[in-house]
Amino acid sequence: MNDMTVFDVEKIRGDFPIFEEKIHGKRLTFLDSGASAQKPVAVLDAVQDAYRHTYANVHRGVHYLSQKSTELYEGARETVRDHLNAASVDEIIFTKSTTEAINLVANSFGQMAIGEGDEILLSYLEHHSNIVPWQLVAERVGATVKAVPIDTNGDLLRDRYEEMLTDRTKIVAITHVSNAIGTVNPVKELIAKAHSKDIPVLIDGSQAIPHMKVDVRDLDADFYVFTGHKVFAPTGIGVLFGKAELLEKMPPYQGGGDMINRVTFEKTTFATGHSKFEAGTPPIVQAIGLGAAIDYVNKIGFDQIAAHEQSLLSYATQELGKLNNIRIIGQAKQKAAIVSFTMDDIHPHDIGTIIDQAGVAVRVGHHCAQPLMDFYDVPSTVRASFALYNNKEDVDALVESIKMVQEFFR
Amino acid sequence: MNDMTVFDVEKIRGDFPIFEEKIHGKRLTFLDSGASAQKPVAVLDAVQDAYRHTYANVHRGVHYLSQKSTELYEGARETVRDHLNAASVDEIIFTKSTTEAINLVANSFGQMAIGEGDEILLSYLEHHSNIVPWQLVAERVGATVKAVPIDTNGDLLRDRYEEMLTDRTKIVAITHVSNAIGTVNPVKELIAKAHSKDIPVLIDGSQAIPHMKVDVRDLDADFYVFTGHKVFAPTGIGVLFGKAELLEKMPPYQGGGDMINRVTFEKTTFATGHSKFEAGTPPIVQAIGLGAAIDYVNKIGFDQIAAHEQSLLSYATQELGKLNNIRIIGQAKQKAAIVSFTMDDIHPHDIGTIIDQAGVAVRVGHHCAQPLMDFYDVPSTVRASFALYNNKEDVDALVESIKMVQEFFR
Amino acid sequence: MEDLKDLYREIILDHSKSPRNFGKISPCTHEGHGDNPLCGDEVSLYLRLGEDETLADVGFEGKGCAISIASASMMTELVKGTSCADAKSRFQQFLTLFSDDSAQSHSDIDDRMKALIGVKQFPMRVKCATLPWHALNAALSGIKSKDDGETKDGC
Amino acid sequence: MEDLKDLYREIILDHSKSPRNFGKISPCTHEGHGDNPLCGDEVSLYLRLGEDETLADVGFEGKGCAISIASASMMTELVKGTSCADAKSRFQQFLTLFSDDSAQSHSDIDDRMKALIGVKQFPMRVKCATLPWHALNAALSGIKSKDDGETKDGC
Ligand SMILES: Cc1ncc(COP(=O)(O)O)c(C=O)c1O
Ligand SMILES: Cc1ncc(COP(=O)(O)O)c(C=O)c1O
C-alpha cells in the first residue's frame with residue numbers, strides 16, 4: 001500500500017488546494033482538522049469525475065450511466081470494507097455522518113434490545129453525537145444513560161468501567177479518540193470486557209479513522225462508526241459498520257426507496273443486507289469521494305501519518321508549555337494529535353478571534369463535549385488539532401500567535 | 001430573474017458536461033432525470049470552490065474559513081427560503097434527501113400527534129419514500145395508513161379524498177407530481193380541503209421542484225419536501241420546509257452536535273429554529289451546491305422551462321402513440337414531462353437493456369411505486385422523464401430505439 | 001449490438017416466447033418464491049417430490065423479462081427428473097457461471113445454462129437470470145433463501 | 001489588526017477586566033438567563049424592580065469572553081435606574097446596531113452601546129455582544145426569549 005518511501009509533508013500539502021489561500025493576507029495555519037479536514041485533489045477529482053462522466057442514480061437502472069454509477073458507489077463500499085477489514089460489504093452502511101450512524105443504531109438496536117430499566121453505558125469523553133441519541137432513546141423506552149468517569153489526565157477509569165458493566169447494561173457506546181482532548185481509549189480491551197458479559201459495543205471512530213488504521217475484526221467491535229468529512233472526504237457521508245448477525249436482527253431505521261422487498265398498503269417487507277438501512281437515494285458521489293480519500297491515506301500509509309502527527313504533537317505540547325499561563329487540558333497516556341488548552345484570564349473566544357487575524361485557525365468552544373468541559377470546570381477550550389498536512393511551521397505560527405494574544409491583553 | 005430572452009436548449013446542454021460523453025460509442029440520450037438529474041457547470045464549480053477556497057466546518061468556528069463556510073451554507077438556506085417563499089429561514093431544514101425529510105416528519109410529528117386508532121392519509125400515486133415511513137410510524141403507534149385511489153387516467157379521485165378526510169385523520173401526505181406517471185396533483189385545493197378539517201398536509205415535491213415554481217405560502221403547505229439531486233444539485237442533500245408553528249412544537253428527530261442548547265448527562269435541552277432538526281455536521285457543500293442549482297434554474301426561468309418540457313411531452317406522447325403495441329400508463333389532465341409505457345409481450349427490462357445499446361437511458365421498473373404498478377396491474381413500466389436539457393432529438397432517438405426493440409423481438 | 005445478440009440468443013428468445021413447464025402443477029409438494037425488489041419481478045416455483053427423492057414434476061409461474069422467463073423455462077427442463085441433490089448442485093453451478101470466469105469452459109455444465117452466459121456483459125441483468133434458480137433453491141431447501149425466497153411444505 | 005483594535009477598544013478591555021455590577025443582587029425580583037449553545041457561555045441577569053417600575057438595581061454573573069462580559073457590564077450601567085420601558089427600547093436599539101448600517105450614526109444611541117460596533121466585522125461574535133441583552137430582555141419580559149433566556153419571578 002505504502003508507495004512513498006519518505007513522508008514528505010510539503011509534497012502532501014501540495015495535494016491540498018486550500019493551502020494556496022491567504023487568510024487576512026496571511027499564510028493559512030489550519031489547526032482545525034478535528035472539526036473537519038481539508039480535501040486533497042484526488043478526492044476533488046473523484047467527485048468531479050463522478051458528476052461529469054458517469055453520473056446517474058444507482059441500483060435501479062439498467063442503462064450504462066446507472067451501471068457505472070452503481071459500480072463506483074458499490075466499489076466505494078468495498079474500499080471501506082477492505083479498509084476496516086469487515087467480513088462482508090453487507091456490514092458496511094453508508095449514512096450521512098457519524099451522527100446519523102449513531103442515531104440509526106440507537107433507534108434500531110434500541111427498539112430491538114433496550115427496554116425499561118436497562119442501562120446504556122457511555123463515557124465522559126463522548127461527543128454530543130454519542131450522548132444525545134442515547135438520551136432520546138433512553139427517554140422513550142425508560143432506560144438510563146450512565147457515563148464512565150475519567151481521571152484528570154483524561155484517561156478512562158478502568159475499574160469504574162468494569163463495575164458499571166452490569167446485567168442491566170444493554171450496550172456500551174464509547175469513543176475511540178476524544179475529539180476534545182485527544183485521549184485514545186484502549187477500545188480492544190474495553191470491548192473484550194463488555195463481551196465477557198455479553199454486552200455489545202459501539203465505537204465512535206470519528207477521530208480515530210483520520211489518524212490510525214482500524215481493524216474492526218481485530219477489535220471485535222459490534223458497531224464502528226465514522227464520518228467522511230474528517231478523513232479528507234466530502235461532507236454528507238458517514239459509515240456504520242455493524243456485525244451481520246446484529247444487523248440482520250435489527251428492524252429498519254428509515255423507510256423509503258431501495259430498502260424494501262415488496263410494498264403494498266397492507267404489508268411491506270424489507271430488503272436484506274446493507275440495503276435495509278439505506279432508504280432513499282444515498283449520498284452517491286460523497287461515497288465515491290470517501291473511497292478516494294481512503295485510497296489516498298492508505299497510499300501514504302498510517303505508520304507514516306501517525307509518526308508525523310505524533311512528532312507534531314510532542315513539539316506543540318513542548319512549545320505551548322513554555323508559555324506563561326497556559327493550561328493544557330488532557331494529558332492522557334495515549335493521545336491523538338489534539339492539544340486543548342486554556343489561558344488564565346483570557347477567554348478562548350477572544351483567543352480564537354485574535355489569532356485568526358494571523359491566519360491561525362483553531363476551534364474554540366465546548367467541542368460538543370459539554371459534560372467533559374463540566375468535568376474540567378471550563379466553559380470552553382482552545383483546540384489545535386493536527387492532520388497529515390500540518391508541519392512544524394504550523395506549530396510555530398500557533399505559538400507566535402498566542403504570544404500576540406498575551407501581548408494584546410497585557 | 002429571467003435574463004434569457006429565448007430558451008436556447010443547445011446552449012443549456014452546453015452547461016452540462018455529461019453530454020460530452022459517448023455511450024457505447026453513441027450520443028447520450030438521457031431520459032432518466034426523474035431518477036436523478038445531471039449537473040450544470042455552475043453547480044460543479046460551486047462545489048469545487050467551496051472545497052478549494054473556503055472549506056471548514058460550519059457554525060462553531062470563529063476563524064475565517066469557518067465563517068466563510070457558514071456564510072455560504074446559511075446563504076444556501078436563504079436561497080431555498082426565497083425560492084419556496086417561506087416566511088423564515090427557521091422553516092428550512094437541510095436533510096440528506098426527500099426520504100430523510102419524510103422520515104423526520106413521520107417520526108417527529110408522528111410522535112407528537114399520531115396515536116392509536118388515528119389515520120394517515122396517502123394516495124395511490126406515492127413513491128415508497130412517502131409510504132414506508134408512515135407505515136413504520138403507524139405500526140409503532142397503532143395508527144392506520146389509508147390511500148386515496150385514482151382513476152385509470154392517473155387522476156386522484158377527489159370525492160374519495162374528501163370522504164377519507166375524517167376526524168381520525170392526523171396528517172395527509174401526498175405527492176405534488178407522480179414520479180411514475182407524471183400526474184400533477186391539485187395540491188392547493190387538496191390542502192385547503194384538509195385544512196377545512198384542521199388536518200395538516202405534507203407535500204412530496206421531489207418531482208415538482210425541477211419543473212415548476214412552488215410557493216409554499218400560496219399553497220399553504222404545512223410541510224413541503226424535496227431532494228436536491230433531482231433539481232441539478234449534488235447528491236446527499238434534501239430540504240424540509242415546515243411551518244414554524246409546527247416545527248416549534250415538534251420534538252427533535254436525531255440527536256447530536258449543533259441541535260442542542262445544553263448537554264449534561266442528567267438533562268439535555270434543545271436548540272430552537274432549524275438547528276433543532278439538524279443534528280451533526282450537515283451536508284455543507286451539498287447545500288451550497290443546491291443553492292447554486294436553484295440560482296441556475298431561476299436564471300433560466302420556470303415559465304420557459306415548463307413551456308419547453310410540455311412541448312417535449314406532447315411530442316413524445318404523439319410519436320410513441322404512433323408505434324404499435326405501446327400502452328401509455330397515466331394520462332392525467334395535468335402532467336409533468338414524464339411518459340411511462342409498456343409494450344405488449346416485451347418486458348420493460350429487456351427494452352431498457354436493448355435501447356441502452358443505442359445510448360438511450362430510461363428507467364425501467366416499478367419506480368419505487370409498487371402500489372401504483374399493482375393498480376395498473378403491471379410489474380413495471382418504461383419511463384422516459386424529461387428535463388430542461390432534453391431536446392427533440394432525444395425524443396426521436398427514443399422512438400427509433402423502440403422501433404429497434406420491436407425489430408429485435410419480431 | 002454483438003453483446004445484445006449474445007444476450008438474446010435464439011434459444012433464449014425461444015424459451016421466453018414459449019416457456020416450458022409454465023403453470024402450477026398438481027399435486028405439488030414444495031413451492032419456492034423469488035422476488036426481485038429492484039424491478040418488481042416475481043417467480044414461483046412448484047415441485048412434486050417423487051418417492052425416490054427425485055423431482056417428479058416441476059412448474060413455474062411469474063412475470064418477468066425474457067431473461068428470467070427463459071432461465072426459468074430452461075431450468076425446469078434441466079432439473080425435472082433429477083434428484084434433489086443434483087438440482088442443488090446445478091444451482092451452485094449456475095451461480096458459478098457468473099462469478100468464475102473459467103466456469104464457462106467446464107464441460108459438465110449443461111448448454112442450457114451456458115446459453116445465459118451473455119448476461120455477464122450486463123451486470124444489472126444477472127439477477128434476472130438467477131432469480132428462478134433462487135426460487136428453486138428456496139423450494140428445495142425449505143429455508144428462507146438469500147433472495148427472500150419463501151417456501152412452504154405442501155402447496 | 002485594525003479590525004481587532006476596533007473590536008477590543010480600551011473601554012471594552014476595561015469593562016471586561018473590571019466588570020461593573022458583577023454578582024447577584026439582594027433582594028432581587030427578576031432574573032433572566034442567556035445561553036450561547038455554540039460556545040457554552042452563560043449569563044445570568046438579576047433585577048430589582050422598584051415601586052416606580054424602574055430598575056432599582058441590576059447585577060449579572062456568568063462566564064464569557066471579553067466581549068460578552070464587557071457588553072454585560074456596560075449594559076448594567078446603562079439600564080440601572082431607567083424604567084422598564086426604557087430598558088426594553090435600549091435592547092431593541094442595541095439589536096438595531098448590528099442589523100441596520102445607519103444605526104451607528106443615530107445620536108440617541110449611547111456610546112457604551114456603540115463601543116461594541118467593532119463586533120460587526122466579526123459576525124461569529126455578534127452573539128457574544130447580544131447575549132447579556134437577551135438575558136435582560138428575558139428578565140424583563142418574563143417570557144422565554146428567542147435565545148432561550150429563561151426568567152422566573154422572584155429569585
Ligand atoms: C415523488 C418522489 N418522492 C420521493 C423520492 C425519494 O427521493 P430520494 O431518493 O432522493 O430520497 C423520489 C425520488 O426517488 C420521488 O420521485
Ligand atoms: C468523536 C466525535 N464523534 C462524533 C462526531 C460527529 O460527527 P458528525 O458531525 O460528522 O456527525 C464528531 C465530530 O464532530 C466527533 O469528533
Side-chain angles (χ1 to χ4, degrees), chain A residues 17-18 21 23-24 32 35-36 38-39 44 48 51-53 55-57 60-65 96-97 99-100 103 128-129 131-133 135-136 145 147 227 229 234-236 254-257 260 263-265 268 279-281 283-286 349 352-353 356 361 363-365 368 370-371, chain B residues 17-18 21 23-24 32 35-36 38-39 44 48 51-53 55-57 60-65 96-97 99-100 103 128-129 131-133 135-136 145 147 229 234-236 254-257 260 262-265 268 279-281 283-286 349 352-353 356 361 363-365 368 370-371:
Chain A
I18 197 88
E21 294 299 307
I23 308 299
H24 307 300
D32 195 22
S36 198
Q38 298 299 339
K39 319 304 173 197
L44 299 179
Q48 284 285 310
Y51 285 130
R52 284 175 177 262
H53 303 306
Y55 184 73
N57 209 331
R60 279 159 294 167
V62 298
H63 62 76
Y64 176 85
L65 291 175
K96 78 171 171 183
S97 61
T99 301
E100 189 187 24
N103 278 276
H128 293 166
S129 287
I131 299 174
V132 187
Q135 290 182 321
L136 292 175
V145 168
T227 200
H229 66 92
T235 52
Q254 298 186 331
I260 57 93
V263 174
T264 66
F265 285 116
T268 290
T281 302
I284 301 169
V285 177
Q286 292 72 43
H349 246 71
T353 294
D356 173 53
R363 187 107 324 199
V364 297
C368 294
Q370 286 182 336
Chain B
I18 197 88
E21 295 300 308
I23 308 299
H24 307 300
D32 194 22
S36 198
Q38 297 298 340
K39 319 305 174 197
L44 299 179
Q48 283 284 310
Y51 285 130
R52 282 174 177 264
H53 303 306
Y55 184 73
N57 210 331
R60 279 159 294 169
V62 298
H63 63 76
Y64 176 85
L65 291 175
K96 78 170 171 184
S97 62
T99 300
E100 188 187 25
N103 277 277
H128 293 166
S129 285
I131 300 175
V132 187
Q135 290 182 320
L136 292 175
V145 168
H229 66 93
T235 51
Q254 298 185 332
I260 57 92
R262 175 104 190 111
V263 174
T264 66
F265 284 116
T268 290
T281 303
I284 301 168
V285 176
Q286 292 71 42
H349 246 71
T353 294
D356 173 52
R363 187 109 324 199
V364 298
C368 293
Q370 286 182 335

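These figures come from a predicted structure and were not determined experimentally. Chain A is the first sequence line, chain B the second, and so forth, proteins listed ahead of strands; every chain is numbered from 1.
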**OP:** Please look at B:Leu44 and chain A and tell me whether the side chain, the backbone, both or neither of the residue comes under 4.5 angstrom of a heavy atom of that chain.
**Re:** both
**OP:** Check whether B:Ile260 gets within reach of chain A through its side chain, its backbone, both or neither, counting any heavy atom under 4.5 Å.
**Re:** side chain
**OP:** Please state whether the side chain, the backbone, both or neither of A:Ile131 comes within less than 4.5 Å of a heavy atom of chain B.
**Re:** side chain
Original post:
Among B:Gly352, B:Gly236, B:Gly257, B:Ala56, which has the most heavy-atom pairs under 4.5 Å with chain A?
Top reply: B:Gly257
**OP:** Could you walk me through whether B:Asn57 and A:Asp32 pass the side-chain contact (heavy atoms from CB on, under 4.5 Å) test, one step at a time?
**Re:** CA-CA 9 Å; B:Asn57 210 331; A:Asp32 195 22; 5.5 Å; no
Original post:
Of all heavy-atom pairs between B:Thr235 and A:Val285, which one has the smallest distance, and what is that distance?
Top reply: OG1-N, 3.2 Å
Original post:
Which atoms of A:Lys96 come close to chain B, meaning under 4.5 Å heavy atom to heavy atom: side chain ones, backbone ones, both, or neither?
Top reply: both
Original post:
Got A:His63 and B:Arg363 here, is their nearest side-chain heavy-atom distance under 4.5 Å?
Top reply: yes
Subject >> chain B contacts, top residue of A:Pro17, A:Gly255, A:Ser36, A:Gly280 (heavy-atom pairs, under 4.5 Å) >> reply: A:Gly255
Original post:
Does any N or O in the side chain of B:Gln254 come within less than 3.5 Å of the main-chain N or O of A:Glu100, such that one atom is a donor and the other an acceptor?
Top reply: no
**OP:** Against chain A, label B:Ile18 side chain, backbone, both or neither, depending on which of its atoms sit under 4.5 Å from a heavy atom there.
**Re:** both
Original post:
For the residue pair B:Phe265 and A:Gln135, what are the closest heavy atoms and their distance?
Top reply: O-NE2, 3.5 Å
Original post:
Most heavy-atom pairs under 4.5 angstrom with chain B, which of A:Asn103, A:Val132, A:Thr99?
Top reply: A:Asn103
Original post:
Donor-acceptor pair, A:Ser97 side chain versus B:Thr281 backbone, under 3.5 Å?
Top reply: no
**OP:** Determine the minimum heavy-atom distance between B:Tyr55 and A:Gln38, stating which atoms define it.
**Re:** O-NE2, 2.9 Å
**OP:** Considering non-hydrogen atoms only, spot the tightest contact between B:Asp356 and A:Val62 and give its length.
**Re:** OD2-O, 4.1 Å
Subject >> Closest contact, heavy atoms only, B:Pro234 versus A:Gln286 >> reply: CB-NE2, 4.3 Å
**OP:** Sort out for me which of A:Val145, A:Leu65, A:Thr227 touches chain B most, counting heavy-atom pairs under 4.5 Å.
**Re:** A:Leu65
**OP:** For B:Pro133 and A:Gly256, work out which heavy atoms get closest and say how close.
**Re:** CD-N, 4.4 Å
**OP:** Heavy atoms only, distances under 4.5 angstrom: which of A:Gly365, A:Ala147, A:Ser129 has the most pairs with chain B? Name it, please.
**Re:** A:Ser129
